[in-house]
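Note sheet for the following structure.
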Number of protein chains: 2
Amino acid sequence: MSPLKDQILVVATDLFHTRGINSTGVDTIVAVAGTTKMTLYKYFNSKEELILEVLQKSQQDFQSWLNEKLNLNSKKPAEKIQRFFDYIEEWVNSPEFIGVGFIKASAEFPNEENPIHQLSSQQSREFRQFIGKLANEASIKDADGLALQLSLLFEGAVQAEQMKRGSGAIKYAKKAAKILIDGAIKG
Amino acid sequence: MSPLKDQILVVATDLFHTRGINSTGVDTIVAVAGTTKMTLYKYFNSKEELILEVLQKSQQDFQSWLNEKLNLNSKKPAEKIQRFFDYIEEWVNSPEFIGVGFIKASAEFPNEENPIHQLSSQQSREFRQFIGKLANEASIKDADGLALQLSLLFEGAVQAEQMKRGSGAIKYAKKAAKILIDGAIKG
DNA sequence: TATATACTATACAGTTCTGTATATTTTAAT
DNA sequence: ATTAAAATATACAGAACTGTATAGTATATA
């Protein structure tokens with residue numbers, strides 16, 4: 001990938017989170033990125049396309065990071081799902097955390113026909129399915145049910161953290177997750 | 001309250017939810033409400049003020065509805081918190097449900113200095129404190145901890161429902177809430 | 001050194017948005 | 001019926017935003 005394209009994606013990701021997507025103009029993006037609109041529109045056909053690529057890259061980066069953490073530190077499937085929220089906590093509490101793209105994007109583009117909303121919805125579903133796979137591999141009976149519940153705690157905690165940085169919500173989400181996971185493993 | 005002002009608030013609430021706040025212009029609001037910009041700016045000094053009033057009215061209406069449900073059907077404090085999510089489910093599954101204002105607004109206005117963000121954050125906190133009061137009256141030890149967890153399930157489920165109408169997330173949020181509440185009552 | 005490519009600089013067309021100015025019409029109260 | 005208040009109709013100033021057109025500059029490759 002071209003360094004300039006990457007720089008535009010990095011800057012856009014940050015600005016979309018800190019100022020909002022609709023409130024961030026392409027002029028601001030190129031000014032901060034140190035380039036021009038002509039270059040931006042060379043790599044992205046429209047602002048919508050830029051938003052979609054930002055969402056995809058953000059989710060890919062997060063998933064890669066999470067996969068690495070899970071595979072590096074846990075071998076047994078049951079361990080993985082039990083440590084899942086530890087890594088979520090680590091990620092949310094890291095200074096680089098600025099929020100979750102698909103949560104914010106779905107709020108700014110509420111129409112279910114909108115491509116940005118559809119991608120957001122897809123990413124949320126895929127993340128839930130990823131948790132479901134962890135639960136399934138840990139031989140949990142209602143794996144999908146637990147996955148949905150954990151995803152609610154995840155999205156709720158992220159939402160709380162986006163609303164007030166340093167809320168500490170993730171700590172309690174983790175505790176709740178442990179109760180639900182332990183109950184699901186036994187049951 | 002003037003019928004026109006009320007009509008503007010009703011229409012704005014709907015449009016903010018279905019099209020997004022920043023994406024909804026005042027021209028659209030007055031056109032749908034069947035009035036003019038002059039009238040809108042008579043009752044609201046700015047679009048920001050309109051947004052703030054929409055948020056306040058939405059939360060007031062919801063809280064009133066919820067209080068009535070709780071006080072009408074339950075006398076014992078323990079019963080109240082146990083039925084809390086039943087009413088949340090009823091509300092989310094009702095056809096009139098279009099989302100939660102403070103969740104969407106905080107996403108569209110991420111800057112913590114912004115008055116709209118601040119009101120959203122305040123409403124989220126107050127709702128959590130309301131749950132905390134229910135938990136406290138039910139003699140639950142870590143009432144605030146439980147309240148935070150239930151609020152995460154609430155916001156997560158609402159988020160999921162805003163992302164995909166008819167997701168069924170609230171059903172599983174309710175199940176998780178029951179587990180957490182039962183555990184907190186015993187412990 | 002010649003040439004293609006990448007990038008910059010800048011202006012601008014066209015649209016949309018907030019908020020106001022101005023004049024007119026409707027409604028309600030005396 | 002007269003008068004004050006409420007609401008409408010409409011135009012517009014000024015700003016912001018997306019996307020493009022055009023011309024010039026840097027960079028790398030041959």
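Chain A is the first sequence line, chain B the second, and so forth, proteins listed ahead of strands; every chain is numbered from 1.
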I would like to know whether A:Lys104 and B:Glu108 meet salt bridge (charged side-chain N to carboxylate O under 4.0 Å, His left out); could you show each step before the answer?
CA-CA 7 Å; A:Lys104 289 186 171 175; B:Glu108 287 215 48; over 6 Å; no
Could you go step by step and tell me if B:Glu161 and B:Arg165 meet the salt bridge (charged side-chain N to carboxylate O under 4.0 Å, His left out) rule?
CA-CA 5 Å; B:Glu161 198 66 17; B:Arg165 192 68 176 120; 2.9 Å; yes
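Among the heavy atoms of the strands lying under 4.0 Å from A:Tyr43 are primed sugar atoms or P, OP1, OP2 only; no base atom is included. Counting non-hydrogen atoms under 4.0 angstrom, B:Thr24 reaches the backbone sugars and phosphates but no base.
The six-membered or imidazole ring of B:Phe154 lies away from that of B:Phe85, with a centre-to-centre distance of 6.0 Å or more.
Applying the 3.5 Å distance criterion, the base of C:dG19 shares a donor-acceptor pair with the side chain of B:Lys37.
Computed from coordinates, the B:Gln7 CD to D:dA6 P distance equals 19 Å when rounded to whole Å. Between the P atom of D:dA16 and the CZ atom of A:Arg19 lies a distance of 13 Å, rounded to the nearest Å. Across the protein-nucleic acid pair, A:Asn22 atom CG and D:dT18 atom C1' stand 12 Å apart, rounded to whole Å. Rounded to whole angstrom, the span from the CG atom of B:Leu50 across to the P atom of C:dC17 amounts to 15 Å. Atoms CG (A:Asp27) and C1' (C:dT15) sit 15 Å apart, rounded to a whole Å. For B:Leu40 and D:dT10, the CG to P distance is 18 Å, given to the nearest whole Å. Computed from coordinates, the A:Ile8 CD1 to C:dA6 P distance equals 14 Å when rounded to whole Å. Summarising the geometry, the separation between CD1 on A:Ile29 and C1' on D:dC17 is reported as 12 Å, rounded to the nearest angstrom.
Considering only side-chain atoms of A:Met38, the nucleotide from C:dT22, D:dA7, D:dA21 that sits closest is D:dA21. The side chain of B:Leu4 approaches D:dT8 more closely than any other nucleotide in the set C:dT8, D:dT8, C:dC7.
Phosphate contact (OP1/OP2 of C:dT8, side-chain N/O of A:Thr35, threshold under 4.0 Å): present. Using a 4.0 Å cut-off, no side-chain N or O of A:Thr39 falls inside it from OP1 or OP2 of C:dA6. Between B:Lys42 and D:dA7 there is a side-chain N or O to OP1 or OP2 distance below 4.0 Å. Between B:Tyr41 and C:dA21 there is no side-chain N or O to OP1 or OP2 distance below 4.0 Å.
If you check the side chains of B:Gln159 and A:Ser106, you find a donor sitting under 3.5 Å from an acceptor.
The number of heavy atoms from other shown groups lying within 6.0 Å of CZ (B:Arg19) does not exceed 12.
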